[in-house]
Amino acid sequence: MKSNNQTTITVIAIAIIGALIFSMFSSTPPAISFALGAMLTGLALHFMQESKHTILDDIDPSQSSTTLYVGNLPYRANESDVKNLFAEHGDVFAVRLMKDKRTGKRRGFGFVVMNSQDAEHAIDQLNNQEYGQRTLKVREANEPKNADSLDLE
DNA sequence: GTTGAGCGTT
């Protein structure tokens, strides 16, 4: 819908060419073949541009997420506490505190997924900070499932 | 109910 004049002219030109080609291999009357060819070619080009716009629109820098490693957590801290703590420094998308698979007891560390821009600030603000009589360790997580810190290369 | 360096899970 947002195509400018140049792309519109290009689409029409290609549509006409496609219509001519379509007419050559069709046994129906030339006028109908031409119209059908133009419609099909125009539709194809239209959807190609639509998908292009969709892909580009999906790239939203304000929503890129970064996974943070949080260590030296007090055992009594739950996911809610950690989420509230990090939420003071940015948008927190998810919190996972690792626990023992058998006993279910917390292991004192976990992961926080939050806004990439806020993540750097959260590291500076929360790393080596006192929390529950413990000194927090906050860093960027290792095995990143989300390859979003690629802007640091 | 305990412990204390670490990088996980559908």
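In the text below, chain A, chain B and the rest are named by the order of the sequence lines, each starting its count at 1.
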*Asks:* With a 4.5 Å limit on heavy-atom distance, are the side chains of A/Leu85 and A/Leu136 in contact?
*Replies:* yes
*Asks:* Can you tell me how far apart CZ (A/Arg134) and OH (A/Tyr131) are? Round to the nearest 0.5 Å.
*Replies:*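 Reported to 0.5 Å precision, the distance equals 12.0 Å.
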*Asks:* Which whole-number value in Å describes the distance from A/Tyr131 OH to B/dG4 P?
*Replies:* 21 Å
*Asks:* Take nucleotides 5-10 of chain B nucleotide by nucleotide from the 5' end and write B, S or -, depending on whether a protein heavy atom sits under 4.0 Å from the base, only from the sugar-phosphate, or from neither.
*Replies:* BBBBBB
*Asks:* A/Glu130: what forms a side-chain hydrogen bond (donor to acceptor under 3.5 Å, both in side chains) with it, not counting sequence neighbours?
*Replies:*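 Once residues adjacent in sequence are excluded, the partners of A/Glu130 under the side-chain hydrogen bond (donor to acceptor under 3.5 Å, both in side chains) criterion are A/Thr135.
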*Asks:* So, A/Asp91 side chain and A/Asn115 main chain: donor-acceptor pair closer than 3.5 Å or not?
*Replies:*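 Not confirmed, A/Asp91 side chain does not pair with A/Asn115 backbone.
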*Asks:* Kindly say whether A/Leu97 contributes a backbone atom to a donor-acceptor pair with the side chain of A/Arg106 at under 3.5 angstrom?
*Replies:*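 Not at all, since once roles are kept as given, no pair shorter than 3.5 Å links the two residues.
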